[in-house]
*Asks:* 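Got a structure here, written out as structure tokens. Questions coming.
When a ligand or atom number is given, it counts from 1 through the structure's own listing order.
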Amino acid sequence: MKPFSKRTTSLLVAAGLGLGAASSTWAAESLQDVMKRRGLSQQDLLAASKTYVPTGKRDDFIAFSSGGQSGQVIVYGIPSMRILKYIGVFTPEPWQGYGFDESSKKVLRQGNIDGKEINWGDTHHPALSETNGKYDGQFLFINDKANPRLAVIDLRDFETKQIVVNPIYKSEHGGAFVTPNTEYVIEAAQYATPLANKKFVPLERFNEEYRGGVTYWKFDRKEGKLDPKESFSLELPPYSQDLSDAGKLVSDGWSFTNSFCTERYVGGIEKGRPPYEAGCSAKDTDYMHVINWKKAAELVKAGKAKKINGHDVLMMETSIKEGILFLIPEPKSPHGVDVTPDGKFITVSGKLDTHVSVYSFEKIQAAIKAGKFESKDPYGIPVIAMQDALHKQVQLGLGPLHTQYDSKQCVAYTSLYVDSQVAKWNYCEGKVLDKLSIHYNIGHLMTMEGDSADPKGRYLVALNKLSIDRFNPVGPLHPQNHQLIDIANDKMQLLYDMPLPLGEPHYVVAIDAKTLKPGIRYKVGTDSRTDKPHPGMVRAGEEKTVRKGKNVEVFGTLIRSHITPETIEVEVGDEVTINLTNLERAQDETHGFAVSTYNVHGSIEPGKTITVKFKADKEGVYPYYCTEFCSALHLEMQGYLLVKPKGYKEVKVAAAKAVYTKADYEKQVKTNVETQAVIDSVVGYITSVNYKDFPPVVALVEDATDQLNKAGEAKAKMDEAAKTSDWQNATLWAGQWWQYQVKAADIGLRAKTFLEQNGAKKTGK
Ligand code: K7E
Ligand code: CUA
């Protein structure tokens, strides 16, 4: 173990002393005792203090990780590495109702291919939207490698809003990468196939008829959607196009896509041919594709594209003739391609080479301008000589893959898959600065905003392929391991291992938490997936059930702790549509909705309206209920779906006998009057301070007022019943009045605590 700097030690001693002095009641164990009992070193303590986020505090960065084969996105905080959310993208996600209510189902079904439902995805590369090359915190894009698709997530609510299917590929690995103003989202094919849909071509015609490509999806920022009509692709040779990156600043308007298997080798071990991995790594170099996408877009506008499957494709012939497509050799089975923050250089790693190669955009442009090419590839694409484009080659170690950048000038980090290391190096001067061992077999790595024009440095996350012995065993399928590394100093320091139990997260992006501005509620009646008013929304008091022939449509509402309607009566065979609006305004008061055995579920956040649909195809009695523990009477947030036999005749049932007496009624009223006194005192406090200066409190006050209005309505009904000595109903309505009081009091107390903790001042009124 390494010795400690003096500063570190004194820092720790100071912390220890501080603890001892401040807390006499709980500190039965001293810091030293705990270290001894748990076998912690000073280094461990320092690492812990760099990642620990005390209760109530928040993380500095928010990471969006691919969820790999789970088809989802994982959101976590840095440096705590606490998981905040899984976002359903290509895979149904019941908690969010994703795929279980109608409008989210529609989004998921946009991902059908040739009419087939596809219920999973192999997500690889998330990309955050950019403005001037910097993260703007508005949108997230992610690809599906297995089924060539791309999804758009709106970061106002972290929901998936759109899925598009690539019209000409059968797989796609090189997405998503955005251009500096998110004009386009780049996606490249991986495994070459015939571009025309459902076209069979024998493997023997691979070179002639199989093709790769790169697609530029036009992003309409105002709509928050990719626009297929304005999107286009470049036909490319059947090299396995891998990852891409867009140029920025000086290289804006260009994009770079690496490739492997430019041998165009076709395996077939069954026919006695050597396997793919041998044939695909035979050559010493593969090609980086250099593409002028701005000019490509103009050519498409000018009608130079050919329609394939209804999609605009610039054929190679056109791209060559118009001078927008070039190749540069890159060493042995390249994998990453990463443009530096200043846009001047492009870093490429070869999985089977020990170097990273740094290409100079300026040199590339000079060669193009001078028409200086070393050769043409078999399809006639001009090839720039490697030495004409290279800035530096740096020997880093075995299996270099991906590169990310630091906030410090010229500093880069590259993952070394075979060595299981992170290399820190200087790309301007071409020298290695530091190396750190990780566990085990790192794939991507990621620094804070490290692929943008303005990296934030500070932390690095290593995304490791294996975790072997790092965590408690949970069977042969191990968790993934994300390791947090401190990169603020000259030497890298490993801080934390985070097991990720949800598919192989290839890549992750992290953004300054302050840049994100997610909402906390929807405008009442919003369909969150379309961002439009939901036709099924109703306000309180407007709830109704409409029958048209066999179709029964419910327009209902949810508010603590009540589902309106409480009974839904249908006949077997009816088509049932249930629209539900969450009338809450209070933060985090989400209600869920499920109907027993009908496979529907909704997550209805404050203001949201959802629809669930099903055919009531079996007679019986099916409870429905709220699935989020939303209040003390959450369990009572229930109702019944009654599916009656055909032609069922109502049977008169004697009304239940009254069980409550005048004494019960009076007892409840007494409780209510006492509760009102508590509410009045809380209201007295809130209105005595400057609560209007605190928007969260204003929202709480509105919510509490709502509840109190409802309390008034219940009280009026109570009074009416009491007038006719109907003690049964008077007692029940008194109870309902109390329910609303309790909720109002609960909200009021939350507001009071917030004001006290945030330094509210007396207004003197
Ligand atoms: Cu290297 Cu799909 Cu980006 Cu995995 S990819 S590691
Ligand atoms: Cu609403 Cu539980």
Side-chain angles (χ1 to χ4, degrees), residues 65-69 97 121-127 142-146 148 171-177 186-191 240-245 257-260 333-338 348-351 399-404 414-418 420 422 438 440-446 451 461-466 480-482 503-509 556-564 566 580-584 586 588-594 601-606 608 610 623-639 739 743:
S65 172
S66 132
Q69 306 90 329
D122 184 13
T123 61
H124 277 240
H125 306 106
I142 191 154
N143 74 320
D144 170 10
K145 170 173 170 171
S171 65
E172 76 91 334
H173 180 244
F177 301 94
I186 305 173
E187 178 189 44
Q190 179 114 80
Y191 305 115
S240 298
Q241 282 82 28
D242 197 28
L243 294 164
S244 302
D245 202 3
T257 302
N258 72 283
S259 64
F260 60 88
S333 302
H335 191 41
V337 51
D338 299 281
V348 170
S349 302
K351 299 189 293 279
L401 295 185
H402 299 287
T403 297
Q404 289 262 299
T414 297
S415 50
L416 303 177
Y417 176 82
V418 179
S420 290
V422 173
I438 56 81
Y440 303 92
N441 298 93
I442 178 171
H444 276 270
L445 42 58
M446 183 270 300
D451 61 10
V461 176
L463 287 77
N464 306 333
K465 296 302 179 195
L466 303 177
Q480 308 287 328
N481 185 8
H482 282 201
E504 181 191 340
H506 289 262
Y507 185 41
V508 55
V509 285
T557 59
L558 305 157
I559 194 158
R560 275 157 295 162
S561 315
H562 190 71
I563 302 171
T564 307
E566 294 194 339
L580 291 167
T581 300
N582 183 346
L583 298 174
E584 306 276 357
D588 202 14
E589 282 301 344
T590 295
H591 301 289
F593 180 77
H601 184 243
S603 171
I604 312 112
E605 296 89 58
K608 199 190 226 184
I610 61 116
Y624 53 83
Y625 67 100
C626 167
T627 58
E628 282 269 341
F629 207 109
C630 51
S631 61
L633 289 172
H634 147 79
L635 295 175
E636 290 79 353
M637 200 163 169
Q638 61 169 357
Q739 293 307 329
K743 281 173 264 175

*Asks:* Side chain of Glu187, backbone of Asn143: donor and acceptor closer than 3.5 Å?
*Replies:*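 No, because the side chain of Glu187 does not come within donor-acceptor range (under 3.5 Å) of the backbone of Asn143.
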*Asks:* Using every non-hydrogen atom in the two residues, find where Thr590 and Pro606 come nearest and quote the distance to one decimal.
*Replies:* OG1-CD, 3.9 Å
*Asks:* Determine which of the N, O or S atoms in His335 is closest to atom 1 (Cu) of ligand 1 and give its atom name.
*Replies:* NE2
*Asks:* List the steps, then state whether side-chain contact (heavy atoms from CB on, under 4.5 Å) holds for Leu580 with Asn582.
*Replies:* CA-CA 7 Å; Leu580 291 167; Asn582 183 346; over 6 Å; no
*Asks:* Asn464 pairs by side-chain contact (heavy atoms from CB on, under 4.5 Å) with which of Leu445, Asn441, Ile438?
*Replies:* Ile438
*Asks:* Report, in ascending order of atom number, the atoms of ligand 1 lying under 4.0 Å from any heavy atom of His444.
*Replies:* 1 (Cu), 3 (Cu), 5 (S), 6 (S)
*Asks:* For the residue pair Ser65 and Pro126, what are the closest heavy atoms and their distance?
*Replies:* C-CG, 4.5 Å
*Asks:* To check you understand the geometry: which heavy-atom pair defines the closest contact between Leu401 and Ile442, and what is its length?
*Replies:* CD1-O, 3.7 Å
*Asks:* Taking 4.0 angstrom as the limit and counting only heavy atoms of Lys465, give me the atoms of ligand 1 inside it, by number and element.
*Replies:* 4 (Cu), 6 (S)
*Asks:* What protein heavy atom sits nearest atom 4 (Cu) of ligand 1, and how far away is it?
*Replies:*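 Scanning the protein heavy atoms, the shortest distance from atom 4 (Cu) of ligand 1 goes to His506 ND1, 2.0 Å.
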*Asks:* In terms of atom number and element, which parts of ligand 1 are under 4.0 angstrom from non-hydrogen atoms of Leu243?
*Replies:* 3 (Cu)
*Asks:* Closest N/O/S atom of His124 to atom 2 (Cu) of ligand 1, by atom name?
*Replies:* ND1
*Asks:* Hey, which atoms in ligand 1 end up nearer than 4.0 Å to a heavy atom of His125?
*Replies:* 2 (Cu), 3 (Cu), 5 (S)
*Asks:* Applying a heavy-atom cut-off of 4.0 Å, say which part of Lys145 lies close to ligand 1: side chain, backbone, both or neither.
*Replies:*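 Contact part for Lys145 vs ligand 1: neither.
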